[in-house]
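Just so it is clear, the values below take in all heavy atoms, side chains as well, and ignore hydrogens, waters and symmetry mates. Note on naming: letters A, B, ... go to the chains in the order of the sequence lines (proteins, then strands), and numbering restarts at 1 for each one.
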Number of protein chains: 2
Amino acid sequence: MSQSLKTILSLRELILGGELKSGERLSELSIVDRLGVSRTPVRMALVRLEEEGLLEAIPSGGYAVRHFSEADIFDAIETRGTLEGLAARLAAERGPSPGQIGEIKGCLRKLDVLVQHEAGADTFSAYVELNERFHQLLIHMAGSRVVARQIERAVALPFASPSAFVEVQAVLPESRAILLVAQEQHRSVVEAIERREGARAEALMREHSRVAHRNLVMALGHQNARDLVPGMALIRQSA
Amino acid sequence: MSQSLKTILSLRELILGGELKSGERLSELSIVDRLGVSRTPVRMALVRLEEEGLLEAIPSGGYAVRHFSEADIFDAIETRGTLEGLAARLAAERGPSPGQIGEIKGCLRKLDVLVQHEAGADTFSAYVELNERFHQLLIHMAGSRVVARQIERAVALPFASPSAFVEVQAVLPESRAILLVAQEQHRSVVEAIERREGARAEALMREHSRVAHRNLVMALGHQNARDLVPGMALIRQSA
DNA sequence: TCTGATAAAAATGTATACAGGCGACAGCAT
DNA sequence: ATGCTGTCGCCTGTATACATTTTTATCAGA
């Protein structure tokens, strides 16, 4: 593994874990001391994490840990939903190959099995994996590098990911119900795409992203749930 | 001006001007020889231009000039339209301040004057400037840092910008008509936002982006028009 | 005590030296 | 003649030294 990649991963973990407080200026040398790599890979990592949205450039030079308001997270989720809606519409309009449809239907079936059974400890991690896979397949069906890239950037923010709040669901009583609704949306989107119903596919995918929004509100409510969301330490009252 | 910024600007110009052919691998040292700066700012510029979408990382290391298909440009425009549609909807739903409404209406009036009069040489550059300003104001009215940032990234691709094909319009006979239609869309979007009609504002902004799509087709048709579009040298038949 | 300037300390921006890896080319063997 | 292999060279990744700017702390004066 390259030093740059190692630095990126370490820094991201430190930021999301809340060990680097938001608003705090990150000096390159302090990171050098902390991680034991030279300044060059540190600088690389800082640039990439700024593009990723976790850091913000200070006008006079250097970087600071970015902080987010609840509204920012709401908007990030809405943005992802809008872009995934675009992907779903394009997939429907362009008509994916039978192979792609078969693949995503297979993914649906596996998700069905998980959702039907009662939730266990490792069931959720399997669900996260399959859920991510479903979203990946859907993006792939749109058949556009440009759209895929844009979505990649949108989900780079930790709480914008389709699976950001799944861990939270695990501790909530409504979790089964939410999962069932989400899975129904998955199924409906695939159906819409298969029938070339672009507008329906788009609307469904947008609405699907809003389960994350509901989960956000719940996560902010229950203090014990906050710790389960990656990057929750970055949230401040002020924008 | 910092060396890094100078390198970014120079490299971008070289790429968009077609002096660096698409697919060509960029060796750091060759750029050092060409621009007279050291490797460090060159590396910085390469990373940033990759994030911007002009370069792509080669798996074995280094960067190559990216190339785009007509479909890529279509999708980039569609993506921008979708995100600007989101911004318009949010602006409508959230209700911008009277000051913001007044500001964008002032912009509208100035555009009206330009569009009414016959097109001159510098009229178009003034139009480009006001058009950019209109889109900026609209994004600002959405009141979301996250959405604004995402749109910034979407318009970073040279031909995805709202003004990418305005230069082309100048040499086409239909230019006046297109400008009138676009201006009508501008006006309608502002009206929709003012009336809190989110769905209408969104739909209008999406459709508005599609004038760029039509211009793209025309630009690809007329060979003499191709040279007026920045970054047209990056377009290849194969994806 | 507060304000201002000045100087020191630190941090970033830049240049360059060093090391490891990947690819190309040539030579040898089959 | 063709395929394999070893070596050479270029290129990227990394480390570090140097310069310039920014920040901070201290001290003098009002």
Rounded to the nearest angstrom, tell me the gap between atom CD1 in A:Ile8 and atom P in D:dG13.
12 Å
Expected output: side-chain B:Asn131 to main-chain B:Val128 donor-acceptor under 3.5 Å
no
Here the residues of residues 27-43 of chain B within 4.0 Å heavy-atom distance, strictly under, of DNA chain C are B:Ser38, B:Arg39, B:Thr40, B:Pro41
Please confirm whether the backbone N or O of A:Glu28 pairs with a side-chain atom of A:Arg39, one donor and one acceptor, at under 3.5 Å?
no
Show your working on salt bridge (charged side-chain N to carboxylate O under 4.0 Å, His left out) between A:Arg149 and B:Glu56 and close with a plain yes or no.
CA-CA 12 Å; A:Arg149 188 184 169 90; B:Glu56 60 189 346; over 6 Å; no
If you find the nucleotide of DNA chain D closest to A:Arg25 and the one closest to A:Ser2, which residue's nucleotide is nearer the 5' end?
A:Ser2
Quick one: do B:Arg133 and B:Glu103 make a salt bridge, cutoff under 4.0 Å?
yes
For chain A and DNA chain C, what are the first and last nucleotides along the strand, 5' to 3', with at least one atom under 4.0 angstrom from a heavy atom of the protein chain?
C:dA11 to C:dT14
Identify each donor-acceptor pair in which a side-chain atom of residues 78-85 of chain A lies under 3.5 Å from a protein atom, sequence neighbours left out, and give them as a table.
from, atom 1, to, atom 2, distance (Å)
A:Glu78, OE2, A:Arg210, NE, 3.4
A:Glu78, OE2, A:Arg210, NH2, 2.6
A:Glu78, OE2, B:Arg89, NH2, 2.8
A:Thr79, OG1, A:Asp75, O, 2.7
A:Arg80, NE, A:Ala160, O, 2.4
A:Arg80, NH1, A:Glu84, OE1, 3.2
A:Thr82, OG1, A:Glu78, O, 2.8
A:Glu84, OE1, A:His135, ND1, 3.4
A:Glu84, OE2, A:His135, ND1, 2.9

Between B:Glu50 and A:Arg48, does any NZ, NE, NH1 or NH2 come within less than 4.0 Å of an OD or OE carboxylate oxygen?
yes
Which part of the nucleic acid does B:Leu26 contact within heavy-atom distance under 4.0 Å: base, sugar-phosphate only, or nothing?
sugar-phosphate
Atom CD1 of A:Ile58 to atom P of D:dT22: distance rounded to whole Å?
13 Å
Considering only heavy atoms from C-beta outward, does the side chain of B:Gln100 approach that of B:Ile104 to under 4.5 Å?
no
Could you tell me the separation between the CE atom of A:Met1 and the P atom of D:dT14, rounded to a whole number of Å?
12 Å
Without swapping roles, check the side chain of B:Ser163 against the backbone of B:Val166 for a donor-acceptor pair under 3.5 Å.
no
Assuming nearest nucleotide by heavy-atom distance, tell me which of A:Ser60 and A:Leu5 is located more 5' along DNA chain D.
A:Leu5
